[in-house]
Amino acid sequence: MQRKIYSSGAKWEDIVGYSRAVQVGNHLEISGTVATDENGVVGKGDFYEQTRFILNKIDKVLQQAGFSLQDIVRTRMFVTDISQWEAIGKAHGEFFVNIKPATSMIEISALIDPDYLIEIEVTAIKE
């Protein structure tokens, strides 16, 4: 099967050696995604807003690759404060209430920038 990579253009992709997403056949893996754009961190201090922003950002990558949210079979959420699970879960549920992918929410000690509260990666498979 052919391997196709998708780039965000971030300088970190070449420094670290990763792709925004990798597609092999009908399988798409999207790298860990944080709430940042060309202006910096979005939703500072707000788990709900960062989660929503990230999922919208992921949706754009899915569309670029010809996938949709409906194709997501797995989400992994790495959070800096598990006590905020309800705010994170609320935002996640707004996107996936009917899709219901397999999901993990894991507390970690820190992300690369202290203003990042959550990082999400997903797996999507087209039927």
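As the structure is a prediction and not an experimental result, all values here were calculated from the model.
- Proximity of a side-chain donor or acceptor of Asp46 to a complementary backbone N or O of Gly43 within less than 3.5 Å is not detected.
- For Lys57 (side chain) and Val34 (main-chain N/O), a donor-acceptor pair under 3.5 Å exists by modelled atom type.
- Closest heavy-atom contact between Ala65 and Gln23: O-OE1, 3.9 Å.
- The salt bridge (Lys or Arg N to Asp or Glu O under 4.0 Å) search around Arg52 returns Glu94, not counting sequence neighbours.
- Every residue meeting the side chain to side chain contact (heavy atoms under 4.5 Å, CB included) condition with Gln64, not counting sequence neighbours, appears here in chain and number order: Tyr6.
- Residues Val41 and Gln50 meet the side-chain proximity criterion, which asks for heavy atoms closer than 4.5 Å.
- Annotation: the span from Lys60 atom NZ to Thr33 atom OG1 amounts to 12.0 Å, rounded to 0.5 Å.
- A donor-acceptor contact shorter than 3.5 Å links the side chain of Glu107 to the backbone of Ile82.
- Judged purely by atom type and a 3.5 angstrom limit, Ser31 has no side-chain atom pairing as donor or acceptor with the backbone of Ala21.
- Listed by chain and residue number, His27, Thr123 satisfy the side chain to side chain contact (heavy atoms under 4.5 Å, CB included) test with Glu29 (two or more places apart in sequence, or in another chain).
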- [ ] Please test Val61 against Arg20 for side-chain contact (heavy atoms from CB on, under 4.5 Å), starting from the C-alpha separation and ending with a verdict.
- [x] CA-CA 8 Å; Val61 177; Arg20 180 75 186 95; 3.7 Å; yes
- [ ] Under the side-chain contact (heavy atoms from CB on, under 4.5 Å) rule, what do Leu62 and Leu69 come out as? Steps first, then yes or no, please.
- [x] CA-CA 7 Å; Leu62 288 163; Leu69 288 171; 3.8 Å; yes
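- The minimum heavy-atom distance linking Ser104 with Arg74 is given by the pair OG-NH2, 3.0 Å.
- Atom CD1 of Ile54 is separated from atom OH of Tyr116 by 9.5 Å, given to the nearest 0.5 angstrom.
- Looking at heavy atoms from C-beta onward, Val79 lies in side-chain contact with Met105 at the 4.5 angstrom threshold.
- With a 4.5 Å cut-off on side-chain heavy atoms, Gln70 and Ile99 count as touching.
- Evaluation of the ring-ring contact (aromatic ring centres under 6.0 Å, His included) test over residues 73-100, restricted to residues two or more places apart or in two chains, returns His92-Phe96.
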TODO: Any chance you could lay out the side-chain contact (heavy atoms from CB on, under 4.5 Å) test for Thr80 and Ile118, step after step, and finish with the verdict?
DONE: CA-CA 6 Å; Thr80 58; Ile118 178 170; over 6 Å; no
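- What you find for Tyr18 and Trp12 is that their closest heavy atoms are CE2-O, 3.4 Å.
- Between Val22 and Ser19 the shortest heavy-atom distance is CG2-CB, 3.9 Å.
- Side chain of Lys126 to main chain of Gly25: no donor-acceptor pair is present (N/O by atom type, distance under 3.5 Å, no hydrogens or angles).
- For the pair Val122 and Thr75, the tightest heavy-atom approach, listed with the atom from each and the gap, is CG1-CG2, 3.8 Å.
- In Ile112, the CD1 atom is not crowded: 12 or fewer heavy atoms of neighbouring residues, nucleotides or ligands sit closer than 6.0 Å.
- At a threshold of 4.5 Å between non-hydrogen side-chain atoms, the residues Phe53 and Thr36 do not count as touching.
- Formation of a donor-acceptor pair under 3.5 Å by the Thr103 side chain with backbone atoms of Pro101 is found in this model.
- Residues passing the salt bridge (Lys or Arg N to Asp or Glu O under 4.0 Å) test with Asp115 are Lys44, sequence neighbours excluded.
- Under the 4.5 Å side-chain criterion, counting only non-hydrogen atoms from C-beta, Gln63 is not in contact with Ser68.
- A distance of 9.0 Å separates CG in Asn26 from CG in Asp71, rounded to the nearest 0.5 Å.
- For Glu121, the salt bridge (Lys or Arg N to Asp or Glu O under 4.0 Å) partners two or more places apart in sequence, or in a different chain, are Arg76.
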Task: Trace of the side-chain contact (heavy atoms from CB on, under 4.5 Å) decision for Phe67 with Ile125 - done: CA-CA 8 Å; Phe67 287 70; Ile125 301 173; 5.8 Å; no
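- A distance of 10.5 Å separates CG in Leu28 from CD1 in Ile58, rounded to the nearest 0.5 Å.
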